[in-house]
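Read through the structure below, which is laid out as structure tokens, and then see the notes.
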Amino acid sequence: MAFPISRVAVIGAGVSGILTAKYLKEEGIEAIVFERGKKAGGNWVYDERVEIEGEWPCILPLKEERVDICGEINILSQISEDPKDIDTISLRFAPPGPAYDGLKNNVSFKMQELKGHPWPEGIEEFENSQVSEEYIQSYSRKFGVEELIRYNTNVDSVEKVGKKWRVEMSMLGREGLRKGMMEEFDAVVVANGHYHTIKVPDIPGLKEWKRAWPGRVQHSKTYRRPDSFRDQNVLLIGGGVSAMDIGRELSTVAKNVHQSTRGGPFDIPIEMLSPLIQRIPEITSFEDPTQQPKPGNVTLKDGRNLTGIDRVILCTGYHHTLPFLSQFHNSYISPKDADDKVLVTDGTQIHNLHKDIFYIPDPTLSFIGLPYYTPTFSFFEYQAIAIAAVFSGKAWLPGEGAVRRVYEEKVAKRGVGRNFHSLKDEDDSYVEEVVGWVNECAKVEGTRCEYWKIIVKADLDLLRTFVSFCMNEPDSQNPRLVNLHFFAPVRRLERKL
């Protein structure tokens, strides 16, 4: 299946969106990148400000996501010139991401280098997020993507009308809000990431704590630095990487740090936590805030009471949400009941995609950056290459029936939910499949020719050195250890000359 694609909308200017635009541009396809923020970089962009939190709990993905705040912003921008109101407008229009002051990459830069763009000389393997942010931005400038980006522009809706995708957008500028702008495209690539809409469980008493003490209870997305937690008892809820990283920072200043987890398959092994962090069972309830003085008390699943909690950080992750594609949302059904059209159900995955990229009913809608437990930068480059190859007609997809069978086989093997997009120990085989498919399709006037040449041999010398270093590293808090637990070796890509 080939597509006569000449104009593509790319939603998001993080590393996925920048890569997609770069490879589309190289194929002679017009790409327009829409970014609601002020700069490229996605999750790696640090902003001291934090988003304006809504009501807790946050269980349903679309209900909790901003769907249409333009009316509110428009009214406020017309009646006020107060700097506080202007900042509120900006925060509502483009909420800051989850990057915090001490954030570092937990996958070595050597395993995430993009083709034709080496990392700056002299940097360590693990550096502050500013290095990653500047790397993405310099890549965008180097390959001519920067001029394709429309900043301060939010995509409000995307709808297929006839053979075109109609994209409606709003732009926030010095003159205020412009809404209702519309353009048509042959295809749309969704590269908006999945760290926007927070997930907050409905633990008895939690929402009452949030209402009573809003400054003491927060999601990890609004964490910025450890200073304000000094000499306090802190409760982290969640067993993933954010709980580990934030806990490591807090353990150097807090009085006590407790990390609560349900003991799920995605939990970080306890050996990777700071020895100053105490792992505890699941929280079953928060004591009524009207019946206790500060600090507060919680009850654990094993029946114990944890007393004297000063601060709570929910490291409970995010929902997959597509507010601009609300017609493909159904937040009120189980993932098991997803039909062959829906994209989002409970927010744990995106449904009906071939190879986590192409929307099966209409592959002119595609996605990049969904898989995790993989070296993201270099892995997403493969996905961008595949999209560009298909949209340029140099590779094609099998018919809908064939890709549907592949998808159903994956569902039968993996089930549905959070694990669906995990590539733990499988990213190499995924890349081999995608590259093999692109190469198989690529032909020049009937003569077989590799469109993309893959060096199948992994950089084993680098990997062996890296593993040896990690295994001999005595500090259990070292972020290098995360790589051994989650990430397989990255393969390198070369374009055939």
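Because only heavy atoms are used, hydrogens play no part in the values below, and waters and symmetry mates are left out as well, while side chains stay in.
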Tell me whether [X] is salt-bridged to [Y], with the criterion being a basic N under 4.0 Å from an acidic carboxylate O.
X: K160; Y: D362; value: yes
X: K341; Y: D339; value: no
X: K104; Y: E124; value: no
X: E381; Y: K115; value: no
X: R262; Y: E282; value: no

side-chain contact (heavy atoms from CB on, under 4.5 Å) with [X]: which residues, sequence neighbours excluded?
X: E48; value: Y46, R225
X: V403; value: H354, I360, P398
X: R166; value: V161, M182, E184

Between [X] and [Y], what is the shortest heavy-atom contact and its length?
X: L314; Y: W56; value: CD2-CZ3, 3.8 Å
X: F391; Y: L24; value: CD1-CD2, 4.1 Å
X: R49; Y: S90; value: NH1-OG, 3.4 Å
X: T197; Y: P61; value: CG2-O, 3.8 Å
X: F358; Y: I387; value: CZ-CA, 4.0 Å
X: A254; Y: Q232; value: CB-O, 3.4 Å

Atom [atom1] of [X] and atom [atom2] of [Y]: how far apart are they, to the nearest 0.5 Å?
X: H319; Y: I198; atom1: NE2; atom2: CD1; value: 8.5 Å
X: I11; Y: I368; atom1: CD1; atom2: CD1; value: 13.0 Å
X: M169; Y: R36; atom1: CE; atom2: CZ; value: 15.0 Å
X: L250; Y: Q259; atom1: CG; atom2: CD; value: 11.5 Å
X: W165; Y: T364; atom1: CH2; atom2: OG1; value: 5.5 Å
X: I237; Y: S220; atom1: CD1; atom2: OG; value: 11.0 Å

Tell me if a side-chain donor or acceptor on [X] pairs with a main-chain N or O of [Y] at a distance below 3.5 Å.
X: Q137; Y: G41; answer: no
X: H219; Y: G317; answer: yes
X: R418; Y: F266; answer: no
X: Y135; Y: L114; answer: yes
X: D267; Y: G264; answer: yes
X: Y318; Y: H196; answer: no
X: R150; Y: F34; answer: no
X: E51; Y: R92; answer: no
X: S378; Y: M111; answer: yes
X: H329; Y: L322; answer: yes

- Task: Can you sort out the partners of K164 under salt bridge (Lys or Arg N to Asp or Glu O under 4.0 Å), two or more places apart, ordered by chain and number?
- Result: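 With sequence neighbours excluded, K164 shows a salt bridge (Lys or Arg N to Asp or Glu O under 4.0 Å) to D186, given in chain and number order.
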- Message: I'd like to check the salt bridge (Lys or Arg N to Asp or Glu O under 4.0 Å) partners of K410; sequence neighbours left out, ordered by chain and number.
- Response: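 By the salt bridge (Lys or Arg N to Asp or Glu O under 4.0 Å) rule, K410 matches D356.
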- Show the numbers, then the answer: is there a side chain to side chain contact (heavy atoms under 4.5 Å, CB included) between V188 and L325? CA-CA 11 Å; V188 174; L325 287 165; over 6 Å; no
Kindly check if the number of other-residue, nucleotide or ligand heavy atoms within 6.0 Å of [atom1] ([X]) is above 12?
X: F328; atom1: CZ; value: yes
X: K38; atom1: NZ; value: no
X: K336; atom1: NZ; value: no

- Start with the C-alpha gap between F420 and H351, add the side-chain angles, then the distance that decides, and say whether ring-ring contact (aromatic ring centres under 6.0 Å, His included) holds. CA-CA 9 Å; F420 194 77; H351 299 269; 7.4 Å; no
Aromatic ring pairing [X]/[Y], orientation class (parallel under 30°, perpendicular over 60°, tilted between):
X: F377; Y: W44; result: perpendicular
X: F143; Y: H117; result: perpendicular
X: W213; Y: W209; result: perpendicular

- Task: Could you check H194 against H421 for ring-ring contact (aromatic ring centres under 6.0 Å, His included), going step by step and ending with a plain yes or no?
- Result: CA-CA 12 Å; H194 40 87; H421 297 301; 8.0 Å; no
- Do Q383 and Y23 get their side chains close enough for a donor-acceptor pair, meaning under 3.5 Å?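 Side-chain D/A pair, Q383 to Y23: absent.
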- Message: Any donor-acceptor pair under 3.5 Å linking the side-chain atoms of N105 with those of S132?
- Response: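 No.
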Note, [X] side chain near [Y] side chain (heavy atom, < 4.5 Å):
X: V15; Y: T376; answer: no
X: L353; Y: Y407; answer: no
X: D340; Y: P361; answer: no
X: S422; Y: Y372; answer: yes
X: F185; Y: I5; answer: no
X: V241; Y: I268; answer: yes
X: V190; Y: F324; answer: yes
X: P214; Y: E53; answer: no

- Between E127, E133, E134, which is the residue that forms a side chain to side chain donor-acceptor pair (under 3.5 Å) with Q130?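 For Q130, the side chain to side chain donor-acceptor pair (under 3.5 Å) test succeeds with only one of E127, E133, E134, which is E134.
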- Among N152, D156, T153, which residue meets the side chain to side chain donor-acceptor pair (under 3.5 Å) test with S170?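 Only match with S170 under side chain to side chain donor-acceptor pair (under 3.5 Å): D156.
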- Message: Taking side-chain hydrogen bond (donor to acceptor under 3.5 Å, both in side chains) as the definition, give me every residue that meets it alongside Y223, ordered by chain and number, with sequence neighbours left out.
- Response: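 Counting only residues at least two positions away or on another chain, Y223 forms a side-chain hydrogen bond (donor to acceptor under 3.5 Å, both in side chains) with E249.
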- Trace of the ring-ring contact (aromatic ring centres under 6.0 Å, His included) decision for Y430 with Y382: CA-CA 10 Å; Y430 176 101; Y382 288 107; 8.9 Å; no
- Per the side chain to side chain contact (heavy atoms under 4.5 Å, CB included) rule, which among I32, V33, V10 passes with I149?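 Answer after filtering I32, V33, V10: V33.
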